[in-house]
Amino acid sequence: MTRTSTTVILAVASAALLASCTNDAGSEEVAAAAEPSATAAATTTPPTTTAAALTEYDRYVKLMKDRRIPIRPGTSGTYYSDVSICGQLRDGSLDTWNLATREGVREQDVNGLRITVMVPLLCPDMQPAIDAARFGELTQTSILGGKFLVSQTPIEGSPTIQPGTWTTEAAVSDCYWERSDAQGNIIDNNFVSIAPPITVVIADSDSGFTSNDCGKWTRTN
């Protein structure tokens with residue numbers, strides 16, 4: 001073999017080796033481009049929302065939306081009012097009578113329905129109070145001032161007071177109270193300039209009771 005032939009063979013071999021290396025590098029680049037990076041995958045994956053990830057407020061809003069109950073959003077909205085109602089139920093300042101009548105739970109108006117729906121979420125320990133307000137025999141424990149019809153059961157559209165023995169929560173000053181019959185005639189009344197807590201017995205036969213500037217009354221029997 002001549003020197004020229006040897007040179008040609010070496011040149012051909014070198015060219016073939018170079019072409020092979022170039023093809024391997026190109027294949028690796030294509031494969032790398034075809035395979036998505038972990039960062040890209042994490043960016044394009046949509047976030048998942050689970051019940052555990054939602055705040056109590058979010059669950060409250062969703063619950064009311066699902067039940068089509070109107071609420072006021074925001075920090076001064078209905079959610080915070082309902083949290084306060086839970087607190088009043090727990091400390092006893094909102095009794096089943098007022099829950100049933102003033103808050104509309106017995107009649108299931110919009111306000112009463114919302115309270116009924118929110119209790120299992122915000123204060124499930126108060127469910128017995130809801131059940132009593134809706135279906136139980138109501139016992140009134142306190143009233144504030146005003147004019148009341150006397151009845152054992154709530155009278156729709158009118159403030160009602162149950163017959164019984166009622167005592168003011170504190171000493172009174174310039175307090176006026178009045179018991180009246182079905183014709184509006186005064187059965188008994190008194191204007192108290194100043195005195196320790198006073199007691200009034202409202203009879204089953206009474207039809208009306210009025211209290212002005214006497215503060216809170218509590219039923220004692």
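Residues: numbered from 1 along the sequence shown. Values below: all heavy atoms of this structure, side chains included; hydrogens, waters and symmetry mates excluded. All values reported here derive from a predicted model rather than from experimental measurement.
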inquiry  = Thr101 vs Arg106, test: side-chain contact (heavy atoms from CB on, under 4.5 Å). Steps then yes/no.
reply    = CA-CA 7 Å; Thr101 57; Arg106 175 147 295 197; over 6 Å; no

The criterion is side chain to side chain donor-acceptor pair (under 3.5 Å); which residues satisfy it with [X], sequence neighbours excluded?
| X | value |
| --- | --- |
| Thr116 | Gln108 |
| Thr220 | none |
| Glu169 | none |
| Asn98 | Asp95 |

For the residue pair [X] and [Y], what are the closest heavy atoms and their distance?
| X | Y | result |
| --- | --- | --- |
| Ile71 | Pro73 | O-CD, 3.7 Å |
| Pro197 | Thr168 | CA-OG1, 3.2 Å |
| Thr139 | Thr96 | O-OG1, 4.3 Å |
| Asp82 | Tyr60 | OD2-OH, 2.6 Å |

Check the hydrophobic clustering (I, L, V, M, F, W, Y; side-chain heavy atoms under 4.5 Å; chains of links allowed) and say if Tyr57 and Leu121 are grouped together.
-> yes

**OP:** Find out if a path of hydrophobic residues (ILVMFWY) with successive side-chain heavy-atom gaps under 4.5 Å connects Trp166 to Phe148.
**Re:** yes

Indicate yes or no: at least one non-hydrogen side-chain atom of [X] is less than 4.5 angstrom from one of [Y].
| X | Y | answer |
| --- | --- | --- |
| Pro154 | Leu138 | yes |
| Pro70 | Val110 | yes |
| Ser158 | Leu149 | yes |
| Val172 | Ile194 | no |
| Leu113 | Arg67 | yes |

[X] (side chain) donor-acceptor with [Y] (main chain) under 3.5 angstrom:
| X | Y | answer |
| --- | --- | --- |
| Tyr79 | Asp58 | no |
| Gln140 | Thr160 | yes |
| Asp206 | Ala203 | yes |

Side-chain donor/acceptor pairs under 3.5 Å, residues 181-193, sequence neighbours excluded:
from   : atom 1 : to     : atom 2 : distance (Å)
Asp181 : OD1    : Gln183 : N      : 2.9
Asp181 : OD1    : Gly184 : N      : 3.0
Asp181 : OD1    : Asn185 : N      : 2.8
Asp181 : OD2    : Asn185 : ND2    : 3.4
Asn189 : ND2    : Tyr176 : OH     : 3.0

Nearest-0.5 Å distance, [atom1] of residue [X] to [atom2] of residue [Y]:
| X | Y | atom1 | atom2 | answer |
| --- | --- | --- | --- | --- |
| Ser207 | Arg179 | OG | CZ | 11.0 Å |
| Met64 | Ile69 | CE | CD1 | 5.0 Å |
| Met118 | Leu63 | CE | CG | 11.0 Å |
| Ile115 | Leu94 | CD1 | CG | 7.5 Å |
| Ile85 | Tyr80 | CD1 | OH | 15.0 Å |
| Ile143 | Ile161 | CD1 | CD1 | 3.5 Å |

With [X], which residues qualify under salt bridge (charged side-chain N to carboxylate O under 4.0 Å, His left out), at least two apart?
| X | result |
| --- | --- |
| Arg102 | none |
| Asp204 | none |
| Lys147 | none |
| Asp66 | Lys62 |

Report, one line per pair, each donor and acceptor closer than 3.5 Å where one atom sits in a side chain of residues 126-137; sequence neighbours left out.
from   : atom 1 : to     : atom 2 : distance (Å)
Gln127 : NE2    : Asp131 : OD1    : 3.0

Item checked: Inter- and intrachain pairs under disulfide (SG to SG under 2.5 Å), touching residues 94-168, at least two apart ->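 Only Cys86-Cys123 qualify under disulfide (SG to SG under 2.5 Å).
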
Q | Residue pair Gln162 / Arg219, side-chain donor-acceptor N/O under 3.5 Å | A | yes

Please tabulate, for the side chains in residues 209-218, all donor-acceptor contacts under 3.5 angstrom to protein atoms that are two or more places apart in sequence or on a different chain.
from   : atom 1 : to     : atom 2 : distance (Å)
Ser211 : OG     : Trp217 : NE1    : 2.8

